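Presented below is the structure to which this report refers.
As the structure is a prediction and not an experimental result, all values here were calculated from the model. Atoms within a ligand are numbered from 1 in the order they appear, just like the ligands themselves.
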Amino acid sequence: MKLIREPDELQALALSFRASGKTIALVPTMGNLHAGHASLMDIARPQADILIVSDFVNPTQFGPNEDFDAYPRTLEADMALAEAHGVDILFAPAASSIYKADASTFVKENSCSQGLCGRSRPVHFQGVCTVVNLLFNLAVPHLAVFGQKDAQQVAVLKRMVRDLHIPVKLLVAPIVRESDGLALSSRNQYLTAEERAAAPQIHVALQALSAAVSAGERVPAKLEKLFKETLSAASDLFEPQYLEFVDRETMAPLEKVVPAGTLVATAVYMKKTRTRLIDNILL
Ligand code: AMP
C-alpha cells in the first residue's frame, strides 16, 4: 500500500491508471478507521483494479462550534487497517494542500441538504459536496462507496452526481453496528461509560418505532412520541435533536409514514459530553 500526501501526486497516478485501462474505486473517509469504514473497503475491493481510500478530516464540513479540533486522528492505525483490507493507496493530505488559503469555489446542493442535519449544520453539506467533488477530481474513480449511516449525505451526493453529470457510480453500504446495536462511529469514543451503556437505546427506539409501523401506526407525531418515550424510559442522558420521517431519495418530510421506503432519521445529543449521535432506519 502506498501512502500519498500530495494531491498532485495522487491525481497524476490515478490518471496514469486510467490511461492504462485500470478501473478505480474510491472510499472517502475522515480517518480513525473502524469496521464501518472497513465494510466500505470490502465492498469496493472486488469492484475495481485500484482501491483508493482518502483519510482527511475535512475542515469545511465542520461548523465553528463543532469538533474539528477534537476529531480523532490516528493515521498509523488507519494505515494498518487499510492495508489489511487490500487498499492500494491511502491518501492523507494536509488541509493546506487541499484548500489554498484564498480558495473561493464551493459546491452547494440546495434541496436534499436543507432538512435533518442540514438545519443545525448549515455549512456541513456544502463542505461535504466540495470535498467529495475535489476527491473525485483527484482520484478520478469509476465508483465510490458511502455508508447508509450518513443517509442524508448519500441523498445529497446522489443528487450532486446526477445534477452535475459526474461520471462516478455511487454504491451504498449498510450500517455496521456494535453487537449491542450502537452504530459504529468515531464519535462514540467521546462518550462516558454511562453514555456508552445507554447509547444502543437509540437503535432500540428506532426498532420499536418500526415495529409500531408494522402494527399499523402511520402518524409521525405518535411515532415520535413512542421514540422519545423509549429513550427517556431507558435513561435521562438523551436529548433528541430531531426525529424525521422523510422520503429516502429527496429527504422531503412525509406527513404520513409509508411502510416501504420511508427513512426515519434521528440525531440525539448525549447530555454529559454533548456528543451528537446520528442513526436511521429504513422502513
Ligand atoms: P466518516 O469517516 O465518518 O466521514 O465516514 C466515512 C464513510 O464511512 C461514510 O460514507 C460513512 O457513511 C461511512 N460509515 C461511517 N460509519 C459507518 C458505519 N457504522 N457503517 C457503515 N458505514 C459507515
Practice task
Indicate yes or no for a side-chain donor-acceptor contact from S235 to the backbone of L231 under 3.5 Å, with no hydrogens or angles considered.
Solution key: no
Handout entry: Under 4.0 Å from ligand 1, counting heavy atoms only: the protein residues, by chain and number
Key = P28, T29, M30, H34, G36, H37, L40, Y71, F146, G147, K149, D150, Q153, P174, I175, V176, L184
Handout entry: Candidates V140, I89, L135 - the one meeting side-chain contact (heavy atoms from CB on, under 4.5 Å) with L10
Key = I89
Problem - Mutual orientation of the aromatic rings belonging to F56 and Y99 [parallel < 30°, tilted 30-60°, perpendicular > 60°] - result: tilted
Practice task
Look at D67 together with R187 and state whether they make a salt bridge at an N to O cut-off of under 4.0 Å.
Solution key: yes
Handout entry: Listed once per pair and sorted, the side-chain hydrogen bond (donor to acceptor under 3.5 Å, both in side chains) pairs that draw on residues 259-283, sequence neighbours left out
Key = R177-D279, E194-K272, E195-T273, E239-R274, Q241-R276, T273-T275
Exercise for the section: Is it possible for you to check whether R119 lies under 6.0 Å from the centre of the six-membered ring of F125, through NZ or CZ, and within 45° of that ring's axis? Expected result: no
